**Student:** 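I am attaching a structure below and will ask some questions about it afterwards.
Chain naming here is simple, since letters A, B, ... match the order of the sequence lines and numbering starts at 1 in each. What you see is a predicted model; the values in this text were computed from it and never measured.
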Protein chains: 2
Amino acid sequence: MTLKEKIKTEEKIILAAEEIFLKKGFDGARMQEIANKASINKALLHYYYRSKDKLFLAVFRSLAPKIFPPVFRVLTTDLSFFEKIEQVIINYINLLKVNPRLPLFIMSELSKKSESIIEIMQETFENMDFNPLQLFKEELQNEIDKGNVINIDYQQLFVNIISLCIFPFVGKPILKIIGFENSEKEYDEFIENRKREVPKFIINSIKISK
Amino acid sequence: MTLKEKIKTEEKIILAAEEIFLKKGFDGARMQEIANKASINKALLHYYYRSKDKLFLAVFRSLAPKIFPPVFRVLTTDLSFFEKIEQVIINYINLLKVNPRLPLFIMSELSKKSESIIEIMQETFENMDFNPLQLFKEELQNEIDKGNVINIDYQQLFVNIISLCIFPFVGKPILKIIGFENSEKEYDEFIENRKREVPKFIINSIKISK
DNA sequence: GTCTATAATGTGATAGAC
DNA sequence: GTCTATCACATTATAGAC
C-alpha cells in the first residue's frame with residue numbers, strides 16, 4: 001500500500017467522521033456509521049485513530065478554526081470601519097452557508113465543558129496571528145473618538161454582529177416552525193438577503209450622520 | 001402509597017430528567033444518572049415512563065412552550081411599538097437567565113429532525129392563543145405606514161430581535177474563550193447590560209426621528 | 001493496511017419479590 | 001409503588017488471519 005493511498009484512507013475517514021459528528025454530535029454518532037460512510041471496515045477506524053474520542057478530537061481540531069478566524073482577517077485590512085463591518089458579515093454568512101451545522105456543533109460540544117475540547121478551542125485562538133476582539137475594540141474606539149460612531153461598548157457591538165450572523169443558522173428549525181417560509185429555497189433567500197440587511201441594520205444603529 | 005406521594009415521585013423524576021436532558025441532550029443522557037438525580041431506582045423510571053424515549057418526550061413537551069410564548073404576549077397589550085420591543089427583550093433575557101440551557105437544548109434536538117419532536121413543537125405553537133409573528137408583522141406595518149419606522153422586512157427584524165436575545169446564551173462558552181470576561185459575575189453583568197443595550201440598538205436602527 | 005470474528009463493556013428495559 | 005437482579009442488545013474496542 002503506497003503512502004498516497006494511506007493518506008487517501010485517512011482523509012476518507014476524517015471526511016466521513018466530520019459529516020457524522022457534525023450531524024449527530026459526539027454522543028449521537030456511531031463508529032459503524034462513520035465506517036459505512038467512509039466505505040471501510042469499522043476496525044480500520046481504530047487502526048487509524050485508536051478510539052472514538054481521539055477520532056472526535058481530530059475532527060474537532062480541524063473544524064474549530066473555521067468558526068472565526070478567516071472571517072475577521074478583514075479587520076487587518078485598510079478598508080473603512082463600516083466597510084469592514086459589511087465585509088465581516090458577508091464573509092461570515094457565506095462561510096456559514098457552506099457549513100450551516102458548524103455553529104450548533106461547536107456550541108453543543110463546548111457546552112459539555114470537556115477539558116480537551118475547551119483546550120483545543122483555546123489553542124485555536126492562541127495560534128491566530130491577530131486578536132479579532134482586541135482589533136475590533138481599537139478600531140471602534142478610533143471611530144468613536146473621530147465622532148463617526150455613537151458611544152457603544154465594543155463587547156456589546158461585537159456580540160450583536162456575530163449574533164445576527166450565526167443565529168439564523170442555529171435557529172433555522174424553530175424559525176421554520178413558527179411560520180417562516182417552508183421551502184429550502186425561500187429560507188435560502190431569506191439568508192441571502194441578510195448579507196444586505198444586517199450591515200444596513202447595524203450601521204443604521206451606530207453611525208453618526210454629519 | 002397515597003396519590004399525593006405518587007405525584008411527588010413523578011414530579012421528582014421529571015425534574016431530574018429535565019436537568020439531565022437539558023445538560024446532556026437525549027443522546028448524552030443516561031437513565032441511571034436521571035434515577036440517581038431523582039434518588040430513586042432505575043426500574044422506577046420505566047414503571048412511570050416505560051422508555052427513555054417517552055420520558056424525553058414528556059420533558060420536551062413541558063419545555064417547548066418556554067422558548068417563545070410567554071415573551072411575546074406583550075405584543076397583545078396596548079403599549080407603544082417601541083415599548084413592546086423593549087419589553088419583549090427584557091422579558092426574554094430574564095427568561096433565558098433562568099433557563100440558560102433551554103435554547104441550545106431545543107435547537108440541538110430540533111436539528112435531529114425527529115418526527116415526534118417536530119410535531120410537539122408544532123403543536124406548541126398551534127396551541128397558542130395568538131400568533132406572535134403575524135402580530136408582529138401587523139404592528140410593524142402599522143408603524144411603517146405611520147412613518148415612525150423605516151421600511152424593513154418583518155421577518156428580518158423579528159430574527160434580529162430574537163438573535164440578539166438568544167445568541168449570548170448559546171454562544172457563552174465560545175465568547176468566554178475569545179476574550180470575554182472570565183468570571184461568571186462579569187458575564188452576568190454583560191448579559192444584564194443587554195436588557196438596556198439591545199433595545200437601544202434596535203430602536204436606534206429602525207426609528208425615524210421627526 | 002484491511003478484513004472477519006469476537007471480546008468487553010455500557011445501557012435500556014424487564015422479571016419478580018416485597 | 002419500589003426494590004434487586006438480570007436480560008438483551010448496541011456499541012466500542014481488540015485479536016488475529018491474510
**Student:** In whole Å, I'd like the distance from the CD1 atom of A:Ile40 to the P atom of C:dT2.
**Tutor:**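 Taking CD1 of A:Ile40 and P of C:dT2, I get 8 Å after rounding.
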**Student:** Any side-chain N or O of A:His46 less than 4.0 Å from the OP1 or OP2 oxygen of D:dA13?
**Tutor:**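 Yes, A:His46 has a side-chain N/O under 4.0 Å of OP1/OP2 on D:dA13.
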**Student:** Rounding to a whole Å, what distance do you find between B:Leu45:CG and C:dT14:P?
**Tutor:**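 Computing the B:Leu45:CG to C:dT14:P distance gives 13 Å.
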**Student:** Is the gap between the ring centers of B:Phe190 and B:Phe180 under 6.0 Å?
**Tutor:**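 So the answer is yes for these two rings.
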**Student:** Is there a donor-acceptor pair under 3.5 Å between the side chain of B:Glu83 and the backbone N or O of B:Ser80?
**Tutor:**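 It does hold such a pair.
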**Student:** Using a 6.0 Å distance limit plus a 45 degree cone around the ring axis, check whether B:Lys52 lies over the aromatic ring of B:Phe26.
**Tutor:**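 Yes, a cation-pi geometry.
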**Student:** Does a side-chain N or O from A:Ser51 land closer than 4.0 Å to OP1 or OP2 of D:dT12, or not?
**Tutor:**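 False: A:Ser51 side-chain N/O out of range (4.0 Å or more) of D:dT12 OP1/OP2.
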**Student:** Give me the residues of residues 52-63 of chain B where at least one heavy atom lies under 4.0 Å from an atom of DNA chain D, by number, or none.
**Tutor:**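 Here the set is empty: none.
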**Student:** Any idea which heavy atoms bring B:Phe158 and B:Leu133 closest together, and the distance?
**Tutor:**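 For B:Phe158 versus B:Leu133, the nearest heavy atoms are CG-CD1, 3.6 Å.
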**Student:** Any Lys/Arg nitrogen of B:Arg73 or B:Asp129 sitting under 4.0 Å from an Asp/Glu carboxylate oxygen of the other?
**Tutor:**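 Yes, charged N to carboxylate O under 4.0 Å.
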**Student:** Does C:dT2 have its OP1 or OP2 closer than 4.0 Å to a side-chain nitrogen or oxygen of A:Tyr48?
**Tutor:**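 For C:dT2, OP1 or OP2 has a side-chain N or O of A:Tyr48 closer than 4.0 Å.
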**Student:** Would you find more than 12 non-hydrogen atoms of other residues, nucleotides or ligands less than 6.0 Å from B:Lys12 atom NZ?
**Tutor:**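 Atom NZ in B:Lys12 is packed in, count exceeds 12.
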**Student:** Quick test: give all pairs of protein nitrogen or oxygen and nucleotides 4-6 of chain D nitrogen or oxygen below 3.5 Å, distance rounded to 0.1 Å.
**Tutor:**
unit_1 : atom_1 : unit_2  : atom_2 : d
D:dT4  : OP2    : B:Asn41 : ND2    : 2.9

**Student:** Is the backbone of B:Asp27 close enough, under 3.5 Å, to the side chain of A:Asp27 for a donor and an acceptor to pair up by distance?
**Tutor:**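 Checking the backbone N and O of B:Asp27 against the side chain of A:Asp27, no donor-acceptor pair under 3.5 Å is found.
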**Student:** So if I take residues 21-38 of chain A and measure heavy-atom distances to DNA chain D, which residues fall below 4.0 Å?
**Tutor:**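 A:Ala29, A:Arg30, A:Met31, in order of number.
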**Student:** With a cut-off of less than 4.0 Å, is there a side-chain N or O of A:Thr9 near OP1 or OP2 of C:dT2?
**Tutor:**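 Checking A:Thr9 against C:dT2: at least one side-chain N or O falls below 4.0 Å of OP1 or OP2.
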